[in-house]
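Data block below; observations after.
Letters A, B, ... mirror the listed sequences (proteins, then strands); counts begin at 1. Small disclaimer: the values here were computed from a predicted structure and weren't measured.
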Amino acid sequence: MSAPRMEVHAFGLRFANPVLTASGTFGYGSELAGSCPLTALGGLVTKGISLAPRAGNPEPRICETAAGMLNSIGLANVGLRAFLEEKLPFLRDCGTRVLVNFFGETEDDYLRCAEGLSGHGPGIDGLELNISCPNVKAGGLEFGVVPEVAGRLCERVRGATDLPLVVKLTPNVTDVVALARACVQGGASGLSLINTLRGMAIDARTRRPRLARVFGGLSGPAIKPVALRLVHEVARARLGVPIIGIGGIMSGEDAAEFLLAGATLVQVGTASFVRPDAAARVAEELLGYCAAQQVSDVSELTGALA
Amino acid sequence: MSAPRMEVHAFGLRFANPVLTASGTFGYGSELAGSCPLTALGGLVTKGISLAPRAGNPEPRICETAAGMLNSIGLANVGLRAFLEEKLPFLRDCGTRVLVNFFGETEDDYLRCAEGLSGHGPGIDGLELNISCPNVKAGGLEFGVVPEVAGRLCERVRGATDLPLVVKLTPNVTDVVALARACVQGGASGLSLINTLRGMAIDARTRRPRLARVFGGLSGPAIKPVALRLVHEVARARLGVPIIGIGGIMSGEDAAEFLLAGATLVQVGTASFVRPDAAARVAEELLGYCAAQQVSDVSELTGALA
Amino acid sequence: MRFFTAKVVESQDLGGAYSWLCLEGCEALAAASPGQFAMLRGWPGHDPLLSRAFSVLSTGPGTAEFLIRRVGRGSGLLGAARPGDPIRVVGPLGRGFPVATPEVTELLVAGGCGLAPLYFAARRAQAEGRRVRLLYGARQSCELVLADVLRARGVELQTATEDGSAGERGLVTALLERELAASTAGLRVLACGPEPMLRATREVARRHGVPCFLSLESPMACGVGACLGCAIPARDRPFLYVCKDGPVFAAEEVWP
Amino acid sequence: MRFFTAKVVESQDLGGAYSWLCLEGCEALAAASPGQFAMLRGWPGHDPLLSRAFSVLSTGPGTAEFLIRRVGRGSGLLGAARPGDPIRVVGPLGRGFPVATPEVTELLVAGGCGLAPLYFAARRAQAEGRRVRLLYGARQSCELVLADVLRARGVELQTATEDGSAGERGLVTALLERELAASTAGLRVLACGPEPMLRATREVARRHGVPCFLSLESPMACGVGACLGCAIPARDRPFLYVCKDGPVFAAEEVWP
Ligand SMILES: Cc1cc2nc3c(=O)[nH]c(=O)nc-3n(C[C@H](O)[C@H](O)[C@H](O)COP(=O)(O)OP(=O)(O)OC[C@H]3O[C@@H](n4cnc5c(N)ncnc54)[C@H](O)[C@@H]3O)c2cc1C
Ligand SMILES: Cc1cc2nc3c(=O)[nH]c(=O)nc-3n(C[C@H](O)[C@H](O)[C@H](O)COP(=O)(O)OP(=O)(O)OC[C@H]3O[C@@H](n4cnc5c(N)ncnc54)[C@H](O)[C@@H]3O)c2cc1C
Ligand SMILES: Cc1cc2nc3c(=O)[nH]c(=O)nc-3n(C[C@H](O)[C@H](O)[C@H](O)COP(=O)(O)O)c2cc1C
Ligand SMILES: Cc1cc2nc3c(=O)[nH]c(=O)nc-3n(C[C@H](O)[C@H](O)[C@H](O)COP(=O)(O)O)c2cc1C
Ligand code: FES
Ligand code: FES
């Protein structure tokens with residue numbers, strides 16, 4: 001048998017393979033490029049960008065949990081302008097697809113950020129809209145929990161850019177399918193799920209929360225069963241857009257599980273902290289898996305749960 | 001300093017210490033009593049009881065995940081009558097507090113089960129109402145996700161029994177505080193949280209779900225950060241009833257964390273599978289923790305997050 | 001059933017992905033009978049989380065031996081354990097093979113790592129002066145672990161491999177068919193191995209009217225009847241539980 | 001920065017909850033300078049999940065040594081590693097101590113497991129023929145690990161313990177105060193240890209007008225600047241990141 005075909009098409013883009021890095025776990029692309037050859041990836045997703053730079057939350061910002069970690073980085077980022085000036089040049093010719101993750105505290109922030117990220121030619125192949133952010137106007141409730149709110153945001157952002165627009169969903173909701181549907185109706189080109197699960201940790205000796213901001217986002221292998229479930233629920237709803245599966249992927253087999261559950265692409269997050277070459281390794285192992293399982297085209301796996 | 005006082009009062013009951021076993025992980029009390037002395041516990045919670053016996057789901061019913069496990073036992077149980085005839089006699093004189101967990105597929109099931117479990121004198125100290133069950137009448141949506149539905153169920157069950165009524169909440173919701181509030185308004189004497197997180201697992205080689213019923217409940221250390229967060233959210237809402245903290249407790253320090261987050265009691269679940277004496281050991285370690293931290297009365301810890 | 005921490009005394013790689021593990025501090029397993037098992041765990045941290053089920057291979061003064069096929073993470077870690085490593089043990093667990101009277105001849109049928117409980121049964125029969133024969137099948141010769149040991153100890157042994165690299169070429173059930181065709185007097189079949197082999201064994205025994213007992217596997221969380229995770233479909237009720245009703249079942253009780 | 005799997009050659013329990021670990025296959029760490037660190041991981045499974053940060057203690061041909069204080073699960077597992085065990089390594093990482101010109105005299109101040117980078121600095125200074133003095137404090141004598149080795153190698157060493165069981169009774173900053181009171185000419189203070197000790201060291205150095213560099217710790221996920229988890233409050237911007245801006249900082253850059 002000839003080598004399995006690993007190329008995947010989604011949102012009008014061609015990806016060399018289905019494995020991307022996840023936002024916030026691979027910096028702006030250059031930090032880990034030395035250990036994780038970008039050309040081995042299907043793509044990378046940048047740290048979340050906002051209109052203005054953000055310093056992030058007070059420390060401690062991270063702590064380890066069983067087979068996982070909590071973070072409350074606070075969406076620290078260099079801001080739109082510095083991103084375009086300082087980070088984009090590297091990404092222009094980095095040898096893989098680039099999705100830029102972005103967010104705002106108001107609808108306007110989101111719109112202006114999407115506009116600002118558009119029209120730069122190569123270097124930004126698509127946008128990933130992070131809707132798990134507190135909505136300042138709505139008193140801190142997240143944009144991503146009420147279908148109408150999320151749908152409206154997608155619709156407005158959709159009008160502000162011509163780039164493929166992937167919407168990243170939060171898992172901390174009763175009915176993810178309702179949200180997903182609203183986003184697709186709002187014009188989402190695809191759906192990324194999942195973002196982190198809300199959690200907390202306490203130091204029993206000091207009696208203090210282990211994160212300065214008390215609550216944080218849980219990621220890593222611990223959340224994989226929840227992530228697979230959400231991907232599968234959304235996939236079964238057949239909303240007509242590709243899904244990017246995210247959550248606890250550490251190996252090529254983990255990636256295959258997400259594809260089988262219904263994802264077209266996957267993202268590798270926390271694994272890159274455990275070993276810097278994780279995403280490239282997942283891609284390589286996924287190729288090995290396809291070869292061993294006599295899968296001639298990796299996209300056959302999508303939704304092929306028996 | 002004299003030995004820390006470990007006794008706790010809640011729902012009008014005295015518990016020798018704050019550590020109970022969790023429903024579905026300790027059988028009907030006798031299975032593990034040989035390795036886990038019941039007198040060392042604050043109490044035990046039985047496997048969930050329904051009006052009629054239930055055989056449970058097809059196999060495979062369980063699978064391991066990173067620092068956790070999924071189960072879809074399908075609420076297999078001997079049914080109310082056999083419980084009263086065959087299991088209750090052992091519990092009458094077992095040396096610890098007994099809460100009977102129960103559930104139904106309709107409101108009527110719930111009511112009749114609560115009635116059937118009441119008025120038996122010693123052996124049943126209280127009831128734990130599992131509302132994370134598919135509501136047959138409401139087309140399979142769980143009783144535990146819409147505050148009005150959950151509140152109404154609590155109210156009706158409250159009218160059907162004089163026993164302390166603890167309501168066990170599901171974590172798979174956007175707003176657990178709204179649910180908790182509805183249950184307390186419905187007359188709950190206390191709140192247990194959390195039940196399992198909905199998840200799934202896939203065998204990439206066979207392409208099949210690892211559980212016959214595809215979806216299952218995630219438990220174990222993996223979910224502790226989510227459980228602590230939910231307990232803390234509900235505790236901060238100050239609803240005026242004691243909270244039983246559950247989710248991934250493996251050690252006395254884990255138990256202390258739940259108390260600090262706002263729980264009055266805790267339950268040990270999956271840990272009993274990893275070592276049969278887990279709950280007794282957690283109680284012992286919690287005593288050791290109190291002694292080392294110069295806590296003279298364990299109930300001082302409740303909500304004492306710095 | 002007891003819960004305790006034992007210590008590795010010796011560990012050997014037997015080839016064919018099998019390890020042999022000898023633990024000390026296992027006084028509590030002295031009363032184990034063939035077919036009973038223990039839940040083992042010997043690694044730090046919560047991943048893997050659950051203990052793994054292994055049949056008792058044999059017991060000595062304070063010691064217990066296990067045969068471990070390294071198929072995944074848990075068995076891989078146990079198979080790689082080194083002398084001095086602590087292993088947490090819950091056991092002895094479950095219902096073993098039925099007790100045999102002197103007039104019974106046990107015909108043991110082992111497939112792959114199903115050898116463990118039958119090795120124990122063979123040695124027990126020898127110790128009790130009962131006649132015993134073992135039919136032992138595997139895919140290839142390197143997987144016929146402990147066959148030499150059994151032969152050296154005088155156990156009557158026939159082997160079969162799928163690739164013909166040792167013993168007869170073919171399945172162990174072909175050996176069984178021939179044995180039962182020759183004579184069935186006083187015979188009782190005890191079998192352990194992969195499910196297809198057990199189903200075939202049951203069928204051959206049924207055809208010849210010979211009582212048959214099967215040692216089954218199923219995923220287990222607790223091993224002690226508390227989780228209800230180890231259900232298998234049964235004949236006269238919906239489910240039986242491998243850890244407490246088994247792992248040894250009369251062939252007609254299960255898989256309706 | 002490289003990512004590779006090394007192997008334990010030797011491991012020693014130094015007492016006082018300290019282990020000394022020597023790894024082979026560490027050619028990639030040969031270029032490490034004092035103050036740089038590596039992320040280490042050496043256990044199966046996903047729990048613990050993250051690698052742990054350890055300062056390079058010294059490097060040899062293909063080898064690297066680490067001093068490991070066993071304070072929790074990860075350091076406990078690394079400290080208990082045995083010859084042959086595989087250890088995954090990312091390194092060398094971060095910015096080490098500033099390069100010293102021949103006229104600079106480094107005054108090294110170590111508290112507890114803060115010794116590691118200063119041990120490396122002391123040996124490097126010796127190798128380069130620069131004068132170096134080490135002030136080394138701990139709670140009790142058994143925690144003054146490797147002090148004998150340093151003395152035997154001719155490093156000028158003064159010690160202090162809080163309980164007076166070795167060296168002077170008291171804090172290492174008292175030794176520093178005395179040294180700086182005697183003379184500050186050409187001196188540069190390099191320090192590593194618990195935060196209160198570092199703050200006190202900075203204060204003493206500031207009072208005497210001596211340049212001071214601190215090696216800091218913070219929880220880390222990646223060690224390479226990708227997670228933004230290792231933030232510490234800084235003077236002229238909100239945060240600096242220990243793994244990429246440090247772990248060595250000029251004292252006045254941090255903790256405004
Ligand atoms: C009663 C009983 C006796 C057994 N005796 C032996 C024996 O003597 N020698 C031997 O080599 N093996 C024996 N097994 C099988 C052994 O338990 C599994 O091979 C082992 O659990 C695999 O764990 P793993 O982590 O290596 O594999 P993984 O595939 O990584 O395990 C994942 C999960 O599935 C479970 N699992 C996987 N395979 C099995 C299986 N076949 N049976 C039950 N659970 C499984 C594991 O326990 C674990 O929870 C026995 C099983 C049972 C139920
Ligand atoms: C740059 C740097 C260099 C270091 N050099 C050394 C050294 O040479 N020798 C030595 O013994 N120790 C050193 N440490 C501290 C060492 O990293 C921690 O002691 C270790 O991470 C504790 O892990 P644990 O699992 O044993 O403890 P746990 O408390 O179980 O760890 C829980 C989590 O907290 C993190 N954590 C706990 N304590 C620290 C700490 N002090 N610093 C950073 N993260 C921590 C762990 O990495 C882990 O993620 C260094 C730390 C840093 C940041
Ligand atoms: C340290 C850290 C920072 C993150 N930052 C972002 C971010 O800026 N935007 C975003 O959409 N997701 C962010 N995430 C979420 C990840 O992209 C991913 O959805 C999540 O971690 C689950 O995947 P994993 O289990 O593979 O890590 C972050 C996650 C981590 C651990
Ligand atoms: C095998 C299994 C069976 C369970 N059965 C029940 C049940 O019958 N009723 C119920 O309310 N919760 C049930 N639970 C949920 C537990 O009581 C507990 O809420 C959950 O497992 C989280 O705690 P843990 O992480 O300590 O296991 C079950 C859990 C497991 C693992
Ligand atoms: S393994 Fe838990 S009941 Fe059988
Ligand atoms: S540890 Fe990840 S950025 Fe510093």
Side-chain angles (χ1 to χ4, degrees), chain A residues 21-36 44 47-48 53-78 210-212 216 219-222 224 248 250-251 254 269-278 280-281, chain D residues 1-5 28 38-53 71-75 86-94 195 216-234 236-246 254-256:
Chain A
T21 60
S23 178
T25 63
F26 207 75
Y28 299 101
S30 61
E31 291 84 344
L32 288 168
S35 336
C36 186
L44 69 83
K47 176 77 196 150
R54 283 171 63 109
N57 285 339
E59 28 77 53
R61 291 179 174 185
I62 53 170
C63 86
E64 196 185 48
T65 67
M69 64 175 281
L70 287 166
N71 86 78
S72 76
I73 305 300
L75 297 166
N77 77 95
V78 297
R210 288 193 186 268
L211 299 176
S219 63
K224 193 181 74 168
M250 305 295 282
S251 69
D254 291 339
T270 301
S272 292
F273 304 156
V274 179
R275 49 185 299 161
D277 63 349
R281 196 155 156 270
Chain D
M1 182 258 285
R2 293 279 297 285
F3 171 62
F4 56 95
T5 301
M39 300 293 288
L40 306 185
R41 198 173 189 286
W43 51 82
H46 298 313
D47 181 55
L49 181 65
L50 303 170
S51 307
R52 273 36 182 173
V71 298
R73 291 202 300 153
S75 55
I87 308 282
R88 291 214 242 127
V89 184
V90 187
L93 298 170
E195 186 173 320
L216 304 189
E217 295 183 357
S218 104
M220 290 186 176
C222 69
V224 300
C227 73
L228 306 184
C230 61
I232 46 159
D236 62 3
R237 44 184 149 169
F239 297 105
L240 283 165
Y241 293 91
V242 174
C243 76
K244 57 176 185 175
D245 302 320
V254 293
W255 299 331

With a 4.5 angstrom heavy-atom cut-off, could you sort out which part of A/Thr25 is near chain D: side chain, backbone, both or neither?
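Backbone only.
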Could you look at A/Ser272 and say if it's the side chain, the backbone, both or neither that has a heavy atom under 4.5 Å from chain D?
neither
Considering only heavy atoms and a distance below 4.5 Å, find which of D/Pro238, D/Cys230, D/Gly223, D/Ala221 pairs most often with chain A.
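Between D/Pro238, D/Cys230, D/Gly223, D/Ala221, the count favours D/Ala221.
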Is the shortest side-chain heavy-atom distance between A/Met250 and D/Leu49 below 4.5 Å?
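A side-chain contact exists here, since the closest heavy-atom pair is under 4.5 Å.
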Between [X] and [Y], what is the shortest heavy-atom contact and its length?
{"X": "A/Arg61", "Y": "D/Gly229", "value": "CB-O, 3.8 Å"}
{"X": "D/Tyr241", "Y": "A/Ala55", "value": "OH-O, 3.9 Å"}
{"X": "D/Cys227", "Y": "A/Ile73", "value": "O-CD1, 3.2 Å"}
{"X": "D/Ala231", "Y": "A/Glu59", "value": "O-CG, 3.1 Å"}

Whether over 12 other heavy atoms sit under 6.0 Å from D/Arg88 CZ:
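Buried by this count: over 12 neighbours within 6.0 Å.
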Donor-acceptor pair, A/Glu64 side chain versus D/Leu50 backbone, under 3.5 Å?
yes
Is there a donor-acceptor pair closer than 3.5 Å between any side-chain N or O of D/Arg41 and the backbone N or O of A/Val274?
no
Rounded at 0.5 Å granularity, tell me how far [atom1] in [X] sits from [atom2] in [Y].
{"X": "D/Ser218", "Y": "A/Ile62", "atom1": "OG", "atom2": "CD1", "answer": "6.5 Å"}
{"X": "D/Phe239", "Y": "A/Asn57", "atom1": "CZ", "atom2": "CG", "answer": "7.5 Å"}
{"X": "A/Glu31", "Y": "D/Leu228", "atom1": "CD", "atom2": "CG", "answer": "8.0 Å"}

At a heavy-atom separation under 4.5 Å, does D/Met220 approach chain A through its side chain, its backbone, both, or neither?
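Backbone only.
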Heavy-atom distances under 4.5 Å only: say whether D/Val224 touches chain A with side chain, backbone, both or neither.
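For D/Val224, heavy atoms of backbone and side chain both lie under 4.5 Å from chain A.
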